[in-house]
Amino acid sequence: MKYNFNEIEAKWQKYWAENQTFKVENPALGEAEGNSNKPKYYVLDMFPYPSGAGLHVGHPLGYIASDIYARYKRHQGFNVLHPQGYDSFGLPAEQYAIQTGQHPAITTAENIKTYRRQLDQIGFSFDWSREVRTSDPSYYKWTQWIFIQLFNSWYNKNTDKAEDISELIKTFSSEGNRHVNAVCDDNIESFSAEDWNAFDSIKQQQILLQYRLTYLAETEVNWCPALGTVLANDEIVNGVSERGGHPVVRKKMTQWSMRISAYAERLLQGLDTIDWTDSLKESQRNWIGKSVGASVTFPILSFPAGEEKAGTKRPGYMTGGNNSHLLLSHAKEMRANPTLAEAALWEQLRNKNLDAKFRQQHLIGDFIVDFVCLDKKLIVEVDGKIHETQVEEDAKRTEILENDFYKVIRFKNEEVLGNIEGVLEKIKKELSQRESIKSNSELSESHLSEQIPPSGVRGIEVFTTRPDTIFGVSFMTLAPEHDLVTQITTLEQKAEVDAYILATAKRSERDRMADVKTISGAFTGAYAEHPFTKAPIPIWIGDYVLAGYGTGAVMSVPCGDERDYAFAKHFNIPIPNIFDGVDISKEAFADKANTKMANSDFLNGMNYKKATKRVIYELEQMGQGEGKTNYRLRDAVFSRQRYWGEPFPVYYMNGMPQMIEAEHLPIKLPEVEKYLPTETGEPPLGNAKKWYWLQYGNKGEIVSKEEFENSSPSGRLGGALELNTMPGWAGSSWYFNRYMDANNNSEFASKEALNYWQDVDLYIGGSEHATGHLLYSRFWQKFLFDKGVVPVDEFAKKLINQGMILGTSAIVYRLEYEPNLNNLDNLNDDSQAESEKFSLMVKPIFISKSQYERLNVLGVYELKKYLNENYEKEIRKGLNDFMNKENSHFSIDEIYHVNKFTEIHADVSFVNASDELDTEAFKNWRPDFKGAQFIREEGETFKVKREVEKMSKRWFNVVNPDNICEQYGADSLRLYEMFLGPLEQYKPWNTAGITGVHSFLKKLWKLYHQGENRNFYVTSTPPSEGLGEALKTLHKTIKKVQEDIENFSFNTSVSTFMIAVNELTAQKCTNKEILEPLLILISPYAPHIAEELWNQLGHSESISTVAFPIFDASHLVESSKNYPISFNGKMRFIMELPLDMSKDAIEAAVMSHEKTQEQLQGRKPKKVIVVPGKIVNIVG
RNA sequence: GCUCAAGUGGCGGAAUUGGUAGACGCGCUGGAUUCAAAAUCCAGUUCUUUCGGGAGUGUGGGUUCGAUUCCCACCUUGAGUACCA
C-alpha cells in the first residue's frame, strides 16, 4: 500500500466536514456534549480580506500555526473555539466594480468561494458554522449597533469610563457643565443649568456632539483624490496611500470621528496586562505617544522690549503674575451671581433683542467686563454703588480698553432697573454707529493695532517635557500656522513673517519630511515675558514646530534641545547655559539623567526630577502653568466616501445627526448604478435611488431618497441621509466577540456566550496591523466593557505575529545588442524604427548566472570579443534573420554592438532544486522568447541567479498552495511551512526544499507498512525487553514536541519528528505501544496521514478527540554519560563514564586517560573543573 | 535621528538558568540499484592542514575554568516611526 496522499486527504477532509468534527458548542447550549466540564480555549486568526488573487503559500502560515495549537489544545482536553471568517468590505472589490460594473457583493462572494476551497484543502480544523462576513447585513447590523452605542456615550474622566449620554444631559439640566470633567472638544463654552434649559434643541445637540464618543466634526483629513476618499494615518505610507501609492493631500471636511483619545491612557496601561510581543507593544506606545511635562503660559508683552524700557508699558495690562485661571473662575462666579440690574439687562441682551450677540462677565485682557459685543467691540457696564468710590480706576480702565478700540458705555443700576427701554435704546444707537470688526480690515491693519495685542489674548501656552530647563529659554517658537502669529507680528516684521508663512504653506508635507535638516524661520518682532525672570523673550516662528502637536508653540531652550540649538545657532540667538559642568559650545545637552541645574535661580543644584517638580509647583502658584500629560494619539476619522462599506445608521434633521433606532437595523446598503461619486461630489451612496431604509415604524420598506427626504417629519423620518460609509476597520474591531455567538439574531452575542468564552487566548496575525486594527479593536473592546456589553477590557491575552514568507525569484540575464545602423546600408532611413524592429525580431540571448558573473567583470570590448569568438554563429543567425539575408558581408563586430545585460525574472516554476532553468518551458513562456538562445559555460547546466523578494506576480515568484497540495499533499505543505523557520521570522520560500518533509511523511508511512508489498503491519505484543530504545525515542519526542508547541517553536518539532522516525526505522520498531502515541504527537501537524493511520490501527473515532500522550521521564534515565573533556574550554575528546561516579573519581579517570597526557604534553594542569553529568574542563 | 528585532556553513535554520557549535532539512560530492531516468538506499559535506592538529557563531574589548549565550563599544541588515517640544 502506497502513501497516496491525495486520496487520503480528500477522504478525511470529507469526513471532518460531514461529521462536523470541529464544531464547538457553547456549554449553555450544548450541555449534552459534556463540554461544560472542559476549560475553554479560544484560538483566533486574523480573518483575511478575500482578494481576487486567492491564496499564495505565504498566507496560510499563521493559520497552520494556530491550527496546530488548536488541535493540540483539543488533545489536552480543552473546549477549543477556532473560527474563521472574512473581512469582506474593502477597496479592491469596489475598484473592480467601478471598472466592470460588477456588484462588489458578487465579486466578494466569488472570492470567498475560492478562499474557502483553498483553505479546506489544507485541512484546517475551523468551526465553519460560526463563519462571519463583515459585509453581511446580519453581521454589520451589529457594527451599526455599536456605532449607535458610541454616539450615545461620553467619556467621564472622573469615573474614567464611558457613560450614557443621558446621564450627561441630566447633569447639564441640573447644574450645567461647570463640574463636568469629560473628554470633549476644546473650547467648550461653559453654561449653567438655566442656560442649558434655555438652549434650543439644535444648540443642545451641537453641545452634546462635542462630548459624544463618535462625533461629527470639521476636521483636516488625509484626502486621496485618486481614490476619492479620506484615509486614516495608518493607511498612508511615506506620504502616499498604502493601497495604490496615490498622493494624499490635507483637506477640511465634515467627518465622523471616533474619540479614541479618551482611551489613550487606558490603551497604554492595558499593554502591561497582555502578552503581546514587545515590538508590537512598543509600536502602540509610540503611536499613543504619551509625554509627561508641563504646560506653561508666557504672557505676551504689549510692546517690543526696547520701548518697554522707555516706560511706555501700560499699567495692569498683561504683566506677569496675573492669573487667568483665577480671573476666569471669578468671571464664572460673577455670571452665576448677577446683580438684579445685570440680570435684567442680560435677559434683554441675550434674547438678541438688539440683533447683536452679547456675552456677560467676559474677560477682556485683565478685566472682567459686564457685557460685551465682541463683534462691535462695545462694552456695557452696569455700575453699582461701589463704583462711586473708584471713579479714577474706572477711568483708567476705560482708557486702556479704548486704546484697544473698545467703546465703553456705563449705566447706573437705577437706570437699568428704572428705564430699561431707554438703556436698550442707547446701546442700540451705539451699536449702529460702530462698524463690525469683521468687515473692517483697515482697523486691524492700522499701525497701532499691530503693536497692541488684541484683547482676550493673554499669553502663549506651550507644552514642554523639560520644565526644569525653563531658565534656559532664550526665545519662543510658534508654528507658522499658529493663530497668534498674525496678531502679534509687528509692522516691521510683517513682510518677512508673511513671506515665511507663504513659503511654508507651499511646501508639501513630503517636502517638509524629506528636508528635516534645513533650518528656517522668522522673527515676529513681538516679545513674551519669562514667568520667573520677567525678561523679554523674542517670539519666532519656525516650521520645525508643528501646529498639530501640543499647543503648536514651544519654549525654546537651545542649551537643552538639539533643534532649538540649531535654530539659535542659525539665527544668532543667545544660548545661555543652565547645566552645571557641561560644555554646550558644540551641541545641546539633552541628557535628563545627568542634569544638574545652574544659573537657574531657585533650581540651582537640583537634578531633573527635583527641578521639574519644583518648577511645576511654582508655576501653579503663579497660575502660569501646571503639570500636564500630552498624547500624540489623535481621534480617528470614521467616514469614508465609498460604496462598499457599512452604511451609517444616521440621517440628518436641521443639519443635526440622528440615530435610527436599533430595532430598525440593519440599514442595508442600497443598490447603485455607478460606484463613483455623484456629479455633485457626493459619495457613491448619493447615486442610490431606492433605499432599504424604512418608513417610520414600518421596517424594511424600500423608500426612495426623494420620498425619504421630502416626507413630513410626522409620518416618515424626514431629513437628509448620511451618504458616507464606515472604514475598513469598523467590522474588524469586534468580530472576535461575534464568533462567540455568531448566529445570534437578537443580540450582538449572548451574555452566556460572552461570559463563557471571555476573550481570545491566542491570536495570530501580521504585525502590519499594530497601529490600526489592533489599536482600534482594543479601543472598542474597552468601550464595550465600560458599557457592560463584554466582560473583559482586553480582547486578546496573547498575540503572536507571524513573519512573512518571501519569494525566491529566479533571474536570468538577457544580453542586449543592437545593429550598428551606420553600416547597414540596406536599411531604411528611419533608424529609430529599425532599431525597434531589430530588437523585436532578433533572437534574445540569455546568459546563465555563472557566465554572467564571469563576463560582467570584463569590459564591453572584451565582452564583445568573447562573444564574437564563442557565439558568432548564434548572433549572426539572429542578424541574418533580421536582415533577411543568408550571409552578411560585414564582419560580425561591424554590424552590432553589445549594450548591456538586463535582469529578467523567470517564473520560479521553471527552476529545479539545483537552480537549473527548464529552458524549453522558458522559451514557450512568452512569444518573444521563442527562439531564445542560452549561453553557459562549457559543461555547465544553465543556472539562474536567486534573489529573495516579496512574493508578487510582478516577480513571477508566487507559489500557489493548490499546486503544492496536488504534488506533495496538504500535510507536506503544513509541515514545510512550519519547518522553514521560526514562526515570527521573515523567511524565503523555496519549493525545492519540500522534498525533505515529503520524504519524511513517506518514511512515517513505511513505519506502519512493512514488507515487499508494504502491507499495514503493526504488532501489538506487550512491551518487552527490546522496547527500551523505542520507548526512549518516544518519550524524548513527547517531551520535546510538547515543549515546542507550548513555546510556538513549530520548526523544531518537525525536526524532532524526523529524528524520531529515523530512529524508530533504524530500530525496526513495529510496536503499537510506540506507533500509536507517535501518531497523536504528529496529528496536529499532519492531520490527514495521522487520521488515516489511526483508522488503520482500528480506531473508529477521529484522532483529534483522543488525549495527548503523557511524558514519562523514567524512560529517559541513563546510567552513563559521554563526558566532553575540554582543555581551556575547547572540547578535545569524549569519555564515557558512569553517571553516579564521584567528582574525584571522574577527575582521576580523566587524568589517567592517555589522550589527556597527550594534550598536556607533560605540563601539569593548573586546575581541573568537574561538573558531574555535564563536562570536565582541564586548565593548562 | 529615535525605537524594536536580528547577524551562526553554499541555503533555510538548530543549540541560551553559560558546559560537546552547526541538530534537522535542502543543495553538493561519491557509491549502490537501473538499459536509462525518476524514485529509493548507503557514505561524506564549517574552513584549514604538513593529517598530529589548528581556527571558527558580524567586529573589537571585558567577565569566567569555560561565552553563539552575560557586559561595554562599534559595524551591518530588516521593521516601525519621524522635526512630538
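Numbers restart at 1 for each chain; the letters A, B, ... are given by sequence-line order, proteins then strands. Quick caveat: nothing in here was measured; it's all calculated off a predicted structure.
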Applying a 4.0 Å non-hydrogen cut-off, can you work out what [X] is touching in the nucleic acid: base, sugar-phosphate, or nothing?
X	answer
A:V1171	base
A:K1166	nothing
A:D561	nothing
A:N1051	sugar-phosphate
A:S279	sugar-phosphate
A:I1059	sugar-phosphate
A:E562	nothing

Pairing partner (Watson-Crick or G-U wobble, both distances under 3.5 angstrom) of [N]:
N	value
B:A55	B:U46
B:U16	none
B:G25	B:C11
B:C2	B:G80
B:U33	none

Indicate syn or anti for B:G27, taking the glycosidic torsion and treating anything within 90° of 0 as syn.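 Base orientation: anti.
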
Chi-based syn or anti call at B:G52, which uses purine or pyrimidine torsion atoms and a 90° bound: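 B:G52: syn glycosidic orientation.
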
Nearest to the side chain of [X], heavy atoms from C-beta on, is which of [options]?
X	options	value
A:V1179	B:A39, B:G19, B:C65	B:C65
A:M1131	B:A21, B:A14, B:C65	B:A21
A:K1121	B:U20, B:C41, B:G66	B:U20
A:T1052	B:G12, B:A15, B:C41	B:A15
A:K1006	B:A85, B:G12, B:C41	B:C41
A:K1003	B:G12, B:C41, B:G19	B:C41
A:P988	B:G12, B:U20, B:C24	B:G12
A:K1174	B:G19, B:C24, B:A39	B:G19
A:M1058	B:A23, B:A85, B:G25	B:G25

Which of these, A:D1044, A:L983, A:I64, sits in a side chain to side chain contact (heavy atoms under 4.5 Å, CB included) with A:F1050?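 The single option meeting the side chain to side chain contact (heavy atoms under 4.5 Å, CB included) with A:F1050 is A:L983.
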
How many whole angstroms separate atom [atom1] of [X] from atom [atom2] of [N]?
X	N	atom1	atom2	result
A:I805	B:G13	CD1	P	11 Å
A:L973	B:G25	CG	P	20 Å
A:R632	B:C2	CZ	P	17 Å
A:L546	B:C84	CG	P	8 Å
A:E949	B:G78	CD	P	13 Å
A:I1134	B:G19	CD1	C1'	13 Å
A:E916	B:A37	CD	P	15 Å
A:N801	B:G78	CG	C1'	15 Å

Minimum heavy-atom separation for [X] to [Y], with atom names?
X	Y	answer
A:L1078	A:Y1008	CD2-OH, 3.9 Å
A:G993	A:Y976	CA-OH, 3.4 Å
A:G552	A:V545	O-CG1, 3.5 Å
A:P558	A:G472	CD-O, 3.6 Å

Please give the distance between the [atom1] atoms of [N] and [M] as a whole number of Å.
N	M	atom1	answer
B:U69	B:A85	C1'	41 Å
B:G9	B:A14	P	13 Å
B:G22	B:G10	P	16 Å
B:A23	B:G62	C1'	31 Å
B:U68	B:U20	C1'	14 Å
B:C26	B:C74	C1'	35 Å
B:G13	B:U46	C1'	15 Å
B:U49	B:A55	C1'	11 Å

Nearest-nucleotide comparison on RNA chain B, the residue closer to the 5′ end among A:A553 and A:K1155: A:K1155

On RNA chain B, compare the nucleotides closest to A:N1128 and A:N1122; which residue's is nearer the 5' end?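 Result of the comparison: A:N1122.
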
Centres of the A:F571 and A:F475 rings: under 6.0 Å?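 So the answer is no for these two rings.
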
[N] OP1/OP2 closer than 4.0 Å to side-chain N/O of [X]:
X	N	answer
A:Q985	B:A6	no
A:T771	B:G80	no
A:K1167	B:C65	yes
A:K1130	B:G66	no
A:Y986	B:G78	no
A:R563	B:G1	no
A:N1062	B:G25	yes
A:R1132	B:G66	no
A:T477	B:A85	no

A:K281, NZ: over 12 other non-hydrogen atoms inside 6.0 angstrom: yes

Does atom CD (A:E768) have a neighbourhood of more than 12 heavy atoms from anything else shown, all under 6.0 Å? yes

How long is the gap from NZ on A:K1040 to OG1 on A:T1056, to the nearest 0.5 Å? 5.0 Å

State, without any angle test, whether A:T771 and A:S283 hold a side-chain donor-acceptor pair at a distance under 3.5 Å.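 Not at all, the side chains of A:T771 and A:S283 share no donor-acceptor pair under 3.5 Å.
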
